[in-house]
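What you see below is based on every heavy atom in this structure, not just the backbone, and it leaves out hydrogens, waters and symmetry mates. Here the structure is a predicted model, which is why all the values come from computation and not from measurement.
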Amino acid sequence: MTAVPIFDVKNRLPYFIHLVESGEIVQITRHGKPVARIVSEEEILQEQKTEAEIFGEELWAWREKAKDWLETTSNEEIDEIFNIKRTIEPNIRHPEDFDWLEEN
């Protein structure tokens, strides 16, 4: 994150917009204290995602990571592993909640 005084943003706004477009967050300060931030539209949209969208993205990322293992394991074996772990560790609600992929 880049912190800049408000007068600097006023004088060089296009420069800071380019920084934001490249993924940087610009923090605007007045007398050394943060007063605002400039963030990209993409960053705002990312923050506004629903829990279901985030879960879906994480699930697809996990499936890609576990692709080789999933191709060689049946659904019944996956359910059995998940149910055994869930019995041992009742707080588990999702396969990613434990590291069973590394165990096998």
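Grouping Ile, Leu, Val, Met, Phe, Trp and Tyr by side-chain contacts under 4.5 Å, direct or through others, puts Val35 with Val4, Ile6, Val9, Leu13, Tyr15, Phe16, Ile17, Leu19, Val20, Val26, Ile28, Ile38. Residue Leu45 is found outside any hydrophobic cluster, as its side-chain heavy atoms come under 4.5 Å of no other Ile, Leu, Val, Met, Phe, Trp or Tyr. By the 4.5 Å side-chain criterion applied to Ile, Leu, Val, Met, Phe, Trp and Tyr, Trp60 is assigned to no cluster and stands alone.
Using a distance-only test at 3.5 Å, with no hydrogens or angles considered, no donor-acceptor pair links the side chain of Gln27 to the main chain of Ala36. Judged by distance alone, the side chain of Thr72 and the main-chain N or O of Trp69 form a donor-acceptor pair under 3.5 Å.
Residues satisfying the side chain to side chain contact (heavy atoms under 4.5 Å, CB included) test with Glu71, not counting sequence neighbours, are Lys67, Asp68. Partners of Glu57 according to the salt bridge (charged side-chain N to carboxylate O under 4.0 Å, His left out) rule, which considers only residues two or more places apart in sequence or in another chain, are Lys49.
Distance CD/Glu58 to CD/Glu53: 12.0 Å, rounded to 0.5 Å. Rounding to the nearest 0.5 Å gives a distance of 6.5 Å between CD of Glu24 and OG of Ser22.
Applying the salt bridge (charged side-chain N to carboxylate O under 4.0 Å, His left out) test to every pair with at least one member in residues 5-20, sequence neighbours left out, gives these pairs: Asp8-Arg12.
By the 6.0 Å contact criterion, CD on Glu42 is open, its count of non-hydrogen atoms from other residues, nucleotides or ligands being 12 or less.
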### Message
Met1 vs Arg37, test: side chain to side chain contact (heavy atoms under 4.5 Å, CB included). Steps then yes/no.
### Response
CA-CA 9 Å; Met1 180 179 330; Arg37 289 186 182 171; 3.5 Å; yes
